[in-house]
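See below for the structure under consideration.
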Amino acid sequence: MSPAKISPFAKVKLLTFDVFGTVVDWRSSVTEELVLRAHRKASTDLPEELKTRLHALTEEDWGRFSQEWRDSYGVFCRTFDPDKHAWKDVDEHHRDSLNNLLQAWGLGGIFNETEIESLSLVWHRLRPWEDSSEGLKKLGKTYVTSTLSNGNLSLLHDLNDFGELGFQEFISAETFKAYKPNPVVYQGAARKLGVQPEETALVAAHLGDLEAAKACGYRTVYVERPQEEGRKWAKDTENYQQAKDWVDLWVSEDEDGFRALARKLEEVAGDNN
């Protein structure tokens, strides 16, 4: 094989994974928990005004609430400046943003502080996509597998245990007191695990994450997941189409997620031999 045709994965030893949306299906997990909590609360001795408000909310409404909760996380991570802001982990953010959203939705007073704390930790109990656990274990036979997430370490360990994911290493932005897409996180992850950026690939369902990793020398794997891209990277945008030119390996939504990724990487390895 000529040098021009050498796979970008020829030197890769480490596969790092974005977690929310890429490995786990946060949307259905969070929405179902909100619906359940609301149903339970509507059967208690809440004031009638709050009961009426709860009864009026549909599962679709709680889905929108979940999306707003998720969106607030995205804004928090993108705007966090380690040179200006005191450190705040994702658990703290999830609790604070839940409080804010409940107020904004006219649901202040529905839950007490203990219940809000418990509900905010739903992000530690997210179901993996159907292909995630099996696919990660297959990939782990050839590569070192690690999280590379903005989630704090305790959250990542809980998700790994809850979903039987089998990650071999755990890297959190918490370690570097910065959040993706800050280059410090990608650079620090490779350094911490003793590899060069070109020996590392990021697997993610978010092209913005991959774009930032690519700028730090990582190889990139895009695994499409339902409803994970915002407007900037929607399928009808030029950004999305152009990404097909710079993403190193693309797993479409109609393929089999991490199982398909394992097969594709096996094929790439075979081509290099």
Taking [Y] as the starting point, is it possible to reach [X] by hopping between hydrophobic residues whose side chains are less than 4.5 Å apart?
| X | Y | result |
| --- | --- | --- |
| Leu139 | Phe167 | yes |
| Val223 | Leu210 | no |
| Leu156 | Leu148 | no |

Quick one: [atom1] on [X] to [atom2] on [Y], what's the gap to the nearest 0.5 Å?
| X | Y | atom1 | atom2 | value |
| --- | --- | --- | --- | --- |
| Leu193 | Glu199 | CG | CD | 11.5 Å |
| Thr16 | Leu202 | OG1 | CG | 4.0 Å |
| Ile171 | Leu153 | CD1 | CG | 8.0 Å |
| Gln196 | Leu14 | CD | CG | 12.0 Å |
| Leu155 | Leu126 | CG | CG | 7.0 Å |
| Thr44 | Lys51 | OG1 | NZ | 6.0 Å |

When you measure from the side chain of [X] to the backbone of [Y], do you find a donor-acceptor pair of N or O atoms at a distance under 3.5 Å?
| X | Y | value |
| --- | --- | --- |
| Asn160 | His157 | no |
| Thr52 | Glu48 | yes |
| Asn182 | Val185 | no |
| Ser7 | Phe9 | yes |
| His93 | Tyr73 | yes |
| Glu229 | Leu207 | yes |
| Lys13 | Val195 | no |
| Ser29 | Arg127 | yes |
| Arg125 | Leu121 | yes |
| Ser149 | Gly151 | yes |

message: Restricting to salt bridge (charged side-chain N to carboxylate O under 4.0 Å, His left out), what partner residues turn up for Glu198, sequence neighbours left out?
response: none
- line: With sequence neighbours left out, the residues meeting salt bridge (charged side-chain N to carboxylate O under 4.0 Å, His left out) with Asp236 are Arg231
task: Assess Arg225 against Phe258: is NZ or CZ under 6.0 Å from the centre of the six-membered ring, and within 45 degrees of the ring's axis?
output: yes
Listing request: all salt bridge (charged side-chain N to carboxylate O under 4.0 Å, His left out) pairs with a residue in [range], at least two apart in sequence or in separate chains.
| range | answer |
| --- | --- |
| residues 157-178 | none |
| residues 146-155 | none |
| residues 97-107 | none |

field: side chain to side chain donor-acceptor pair (under 3.5 Å) between Ser172 and Asn152, worked out
entry: CA-CA 6 Å; Ser172 164; Asn152 38 288; over 6 Å; no
message: If you apply the rule ring-ring contact (aromatic ring centres under 6.0 Å, His included), what do you find for His124 with Phe162, and how did you get there?
response: CA-CA 8 Å; His124 288 235; Phe162 183 79; over 10 Å; no
Is the number of heavy atoms from other residues, nucleotides or ligands under 6.0 Å of [X] [atom1] greater than 12?
| X | atom1 | result |
| --- | --- | --- |
| Gln241 | CD | yes |
| His85 | NE2 | yes |
| Glu92 | CD | yes |
| Asp245 | CG | yes |

Who passes ring pair (Phe, Tyr, Trp, His ring centres under 6.0 Å) against [X], sequence neighbours left out?
| X | answer |
| --- | --- |
| Trp62 | Phe65 |
| His55 | none |
| Tyr222 | Trp250 |

Can a salt bridge be assigned to the pair [X] and [Y] using a cut-off of 4.0 Å between side-chain N and carboxylate O?
| X | Y | result |
| --- | --- | --- |
| Arg37 | Glu33 | yes |
| Lys264 | Glu255 | yes |
| Glu266 | Lys141 | no |
| Glu130 | Arg259 | yes |
| Arg53 | Glu49 | no |

Anything under 3.5 Å between a donor and an acceptor, one on a side chain of residues 98-109, the other on a protein residue two or more places apart or in another chain? List them.
residue : atom : partner : partner atom : Å
Asn100  : ND2  : Asp96   : O            : 3.4
Trp105  : NE1  : Glu68   : OE1          : 3.1

Donor-acceptor pairs under 3.5 angstrom involving side-chain atoms of residues 18-27: please list them, not counting sequence neighbours.
residue : atom : partner : partner atom : Å
Asp18   : OD1  : Lys180  : NZ           : 3.2
Asp18   : OD2  : Thr22   : OG1          : 2.7
Asp18   : OD2  : His206  : ND1          : 3.1
Thr22   : OG1  : Ala205  : N            : 2.8
Asp25   : OD1  : Arg27   : N            : 3.4
Asp25   : OD1  : Ser28   : N            : 3.4
Asp25   : OD2  : Ser28   : OG           : 2.5
Trp26   : NE1  : Glu228  : OE2          : 2.8
Arg27   : NH2  : Gln67   : OE1          : 2.6
Arg27   : NH2  : Gln227  : O            : 3.2

task: Before giving the answer on side chain to side chain donor-acceptor pair (under 3.5 Å), spell out for Trp69 and Ser97 the whole-Å C-alpha distance, their side-chain angles and the decisive distance to 0.1 Å.
output: CA-CA 7 Å; Trp69 200 1; Ser97 61; 3.0 Å; yes
task: Applying side-chain hydrogen bond (donor to acceptor under 3.5 Å, both in side chains), name anything that partners Glu113, two or more places apart in sequence or on another chain.
output: none
query: Does Phe80 have its ring centroid less than 6.0 Å away from the ring centroid of Trp87?
result: yes
query: Is there any side-chain hydrogen bond (donor to acceptor under 3.5 Å, both in side chains) pair reaching into residues 185-194, and which pairs are they, with sequence neighbours excluded?
result: Tyr186-Asp209
query: Using 30° and 60° as the class limits, which term best fits the ring planes of Trp123 and His94: parallel, tilted or perpendicular?
result: parallel
- prompt: Any side-chain heavy atom of Arg95 sitting closer than 4.5 Å to one from Ile116?
  reply: yes
query: Should Ser146 and Phe170 count as side-chain neighbours, where that means a heavy-atom distance under 4.5 Å?
result: no
task: Kindly determine whether Thr31 and Ser66 satisfy side chain to side chain donor-acceptor pair (under 3.5 Å), including the steps that lead there.
output: CA-CA 6 Å; Thr31 300; Ser66 298; 3.0 Å; yes
